[in-house]
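No experiment lies behind these values; they were computed from the predicted model shown. Only this structure's heavy atoms are used, side chains among them; waters, hydrogens and symmetry mates stay out.
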Amino acid sequence: MRWLIAAVVLVAVLAGLLRWRRPAWYWLSFGVTFATCRVLGRYRAVMDACGLTVPPPRWRLAIARMANRPVPEPRAPRILRLRPTRTGLVLRLGLRPGQDAFDVAASCDRLRHSFGMFGVTSREIRSGVVELRMTGYDVLRRVQMPARAERSTMRVPVALREDGDVHYRDYRTTPHALTIGATKSGKSVYQRNLVAELAAQDVALVGIDCKQGVELFPLARRFSALADNPDTAADLLDALIAHMGDVYQLIRAEQRITADTPDADIAADIWDLPDHLRPVPIVLLVDEVAELALFATKDEEKRRDRVITALARLAQLGRAAGIYLEICGQRFGSELGKGITMLRAQLSVRTAHRVNDETSANMAFGDIAPDAVLATVQIPVSAPGLAITGDASGGWSRIRTPHTSLRAAVDACNKHAHLTPDLPALDAFRPVLASPAAPVAIPAPVAPATP
């Protein structure tokens with residue numbers, strides 16, 4: 001008997017230690033079993049307490065009265081499937097007649113407490129079917145991306161969502177994006193992770209980094225073009241617009257609109273072209289967009305209008321030509337001048353890291369998901385990389401990017417440097433790679449003046 005007690009105590013201590021130090025291991029070894037028993041054992045009572053039941057049908061009531069039997073209990077949604085995952089449980093429910101998916105979504109917080117889970121989110125699969133994704137621990141505290149995340153053309157994993165699923169950046173579905181965040185909020189890490197994932201794709205990377213290139217130039221081996229000041233950025237954007245015009249001429253020449261051509265073969269963008277004719281897609285990354293919009297002189301104002309107009313044209317027309325925008329900055333709103341709100345309207349995906357004021361959050365989500373504004377201003381300083389993401393559909397969720405060091409991003413770009421395409425229209429802006437042995441000129445310190 002003593003050995004049995006000792007074994008139970010040892011297992012309990014091991015479970016407590018895992019839950020404290022390795023919550024993911026605890027979930028896979030102990031937590032998933034306990035959570036499944038809690039959900040199945042409490043299901044009917046919890047649904048009744050949350051108001052997610054419906055009265056029995058009249059024919060059952062009539063049969064009960066005729067047979068002198070007890071009145072049937074209210075009916076909860078049917079459990080169609082209960083599937084464990086590496087971060088929680090996925091519960092698929094079939095709604096009863098008269099129930100609404102909104103009622104289930106409104107009860108997610110009560111379901112979280114009742115089932116003893118860390119988080120519960122709801123989404124409608126189809127008419128009458130709702131899926132509850134329950135997480136057993138805080139998956140955003142220590143982000144661990146799945147070893148086998150799905151990757152496809154122009155679709156890369158960039159972060160982990162609060163429901164344990166992977167957050168993808170899909171350029172063919174949502175071409176352009178806006179990312180904002182205060183200093184030290186994790187915005188640069190998000191950008192590094194995106195570049196490291198795109199480096200393995202057949203895509204041309206073009207960057208504008210007006211901080212003298214300190215963010216993007218270490219990754220230069222994988223970039224087809226880079227600009228480190230507003231003047232060069234204006235010329236680079238003009239070259240991109242000219243390239244876009246050439247791509248459209250190629251699409252026009254290859255549309256093949258004849259009577260015997262199937263509708264699926266008619267070309268309307270680069271993805272409808274044959275593989276041997278398809279131009280390489282381009283992702284334009286703009287770091288600190290405010291530096292392109294600020295001006296102090298008349299000449300700078302003319303350059304600013306030229307840059308913002310070019311960005312707006314690329315956002316409106318670039319998708320079919322395979323040009324996608326990633327705009328990053330600390331703030332992005334009407335105070336940056338005319339044309340900014342028109343540009344923002346074209347940026348479907350919005351990602352906001354920690355911000356310093358509510359106005360910045362409104363710049364990102366005020367026009368598409370007002371509920372996300374409050375969640376954005378609640379991001380703590382102690383959680384760099386935590387962000388709120390949403391799109392024009394109005395849906396939003398919390399995500400966190402895995403920490404990607406600058407060295408890891410540089411190694412990824414160097415590893416895939418052979419994939420860097422040569423774009424003749426952008427040859428003038430191709431980064432010049434300095435020799436490692438080249439000396440770097442460091443300004444001499446100024447000696448203090450003698451009295």
Side-chain angles (χ1 to χ4, degrees), residues 140 142-161 165-172 174-177 179 181 184-228 236 280-288 322-328 349 351 353 384-387 389 399-423 426 429-436 438:
L140 300 183
R142 183 182 298 172
V143 178
Q144 295 180 345
M145 298 290 286
R148 295 183 179 179
E150 296 180 3
R151 293 172 174 84
S152 59
T153 303
M154 302 306 295
R155 184 175 184 265
V156 294
V158 293
L160 195 66
R161 304 170 74 98
D165 202 1
V166 178
H167 176 67
Y168 292 91
R169 180 70 180 94
D170 191 346
Y171 288 94
R172 297 185 63 178
T174 48
H176 312 304
T179 303
K184 303 294 289 183
S185 65
K187 185 172 76 276
S188 297
V189 176
Y190 177 88
Q191 189 179 61
R192 286 178 207 159
N193 192 32
L194 182 63
V195 172
E197 290 288 343
L198 287 173
Q201 298 252 346
D202 186 16
V203 60
L205 299 178
V206 176
I208 296 176
D209 182 5
C210 291
K211 291 188 294 187
Q212 297 300 313
V214 296
E215 292 286 350
L216 296 181
F217 268 77
L219 316 173
R221 291 186 181 275
R222 187 56 184 86
F223 275 75
S224 299
L226 277 172
D228 61 355
L236 174 58
V280 63
I282 299 175
V283 175
L284 172 63
L285 297 103
V286 180
D287 186 77
E288 206 54 63
I323 300 177
Y324 308 103
L325 304 185
E326 286 284 343
I327 308 295
C328 300
V349 180
T351 302
H353 295 76
L386 188 64
T389 185
I399 63 171
R400 193 172 189 182
T401 309
H403 179 69
T404 302
S405 65
L406 183 57
R407 168 51 60 190
V410 170
D411 291 344
C413 290
N414 293 344
K415 177 182 177 181
H416 301 287
H418 63 282
L419 297 178
T420 305
D422 186 15
L423 301 178
L426 305 181
F429 307 96
R430 195 174 184 91
V432 178
L433 303 176
S435 172

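Considering Leu205, Val410, Leu285, Asn414 in turn, Val410 is the only one that fulfils the side chain to side chain contact (heavy atoms under 4.5 Å, CB included) rule with Leu219. Among the candidates Val283, Leu284, Ile282, Val286, the single residue satisfying the side chain to side chain contact (heavy atoms under 4.5 Å, CB included) test with Leu325 is Leu284.
Tyr324 OH to Thr174 OG1: the interatomic distance, rounded to the nearest 0.5 Å, is 10.5 Å. Interatomic distance, Leu386 CG to Ser185 OG, rounded to the nearest 0.5 Å: 10.5 Å. In this structure, CG on Asp287 lies 8.5 Å from SG on Cys210, to the nearest 0.5 angstrom. Rounding to the nearest 0.5 Å places CG of Asn193 at 9.5 Å from CG of Leu198. Separating the CZ atom in Arg161 from the NE2 atom in His167 is a distance of 6.0 Å, to the nearest 0.5 Å. With values rounded to the nearest 0.5 angstrom, Cys328 atom SG is found 8.5 Å from Leu216 atom CG.
Contact of the Asp202 side chain with the Val280 side chain is registered, since non-hydrogen atoms from C-beta on lie closer than 4.5 Å. For the pair Val203 and Arg222, the minimum side-chain heavy-atom distance is below 4.5 Å. With a 4.5 Å cut-off on side-chain heavy atoms, Thr179 and Lys187 count as touching. You'll find the side chain of Val206 stays beyond 4.5 Å of the side chain of Phe223, heavy atoms only. In this structure, Gln212 and Phe217 have side chains that are not in contact, with every pair of non-hydrogen atoms separated by 4.5 Å or more. Side-chain atoms of Leu406 and Pro218, non-hydrogen and from C-beta on, do get closer than 4.5 Å to each other. Thr401 places none of its side-chain heavy atoms less than 4.5 Å from the side chain of Val143. Residues Leu226 and Arg430 are not in side-chain contact: their nearest non-hydrogen atoms beyond the backbone lie 4.5 Å or more apart.
In plain terms, the two heavy atoms of Asp209 and Glu215 that are nearest each other are OD2-N, 2.8 Å. Contact between Thr420 and Ser224 at its shortest, heavy atoms only, is CG2-OG, 3.7 Å. Of all non-hydrogen atoms in Pro431 and Ala220, the two that sit nearest each other are CG-O, 3.6 Å. The two atoms that bring Leu419 and Ala200 nearest to each other are CD1-O, 3.8 Å, heavy atoms only. In terms of heavy-atom proximity, His403 sits nearest to Val189 at CA-CG1, 4.1 Å. Heavy atoms only, all atoms of each residue included: Pro157 and Arg151 are closest at CD-CG, 3.6 Å.
One N or O on the side chain of Arg400 and one on the backbone of Leu140 form a donor-acceptor pair closer than 3.5 Å.
Salt-bridge annotation for Arg407 and Asp411: present, with a side-chain N of the basic residue lying under 4.0 Å from a carboxylate O of the acidic one. Under a 4.0 Å N-O distance rule, the pair Glu197/Arg169 does not qualify as a salt bridge.
Aromatic ring pairs are classed by plane angle as parallel below 30°, tilted from 30° to 60° and perpendicular above 60°; the pair Tyr190 and His353 is perpendicular.
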- Message: Test side-chain contact (heavy atoms from CB on, under 4.5 Å) on Val195 and Cys413; report intermediate values, then the result.
- Response: CA-CA 8 Å; Val195 172; Cys413 290; 3.8 Å; yes
- Could you walk me through whether Gln201 and Tyr171 pass side-chain hydrogen bond (donor to acceptor under 3.5 Å, both in side chains), step by step? CA-CA 12 Å; Gln201 298 252 346; Tyr171 288 94; over 6 Å; no
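By the neighbour-count criterion of 12 heavy atoms within 6.0 Å, atom NZ of Lys184 is sparsely surrounded, having that number or fewer from other residues, nucleotides or ligands.
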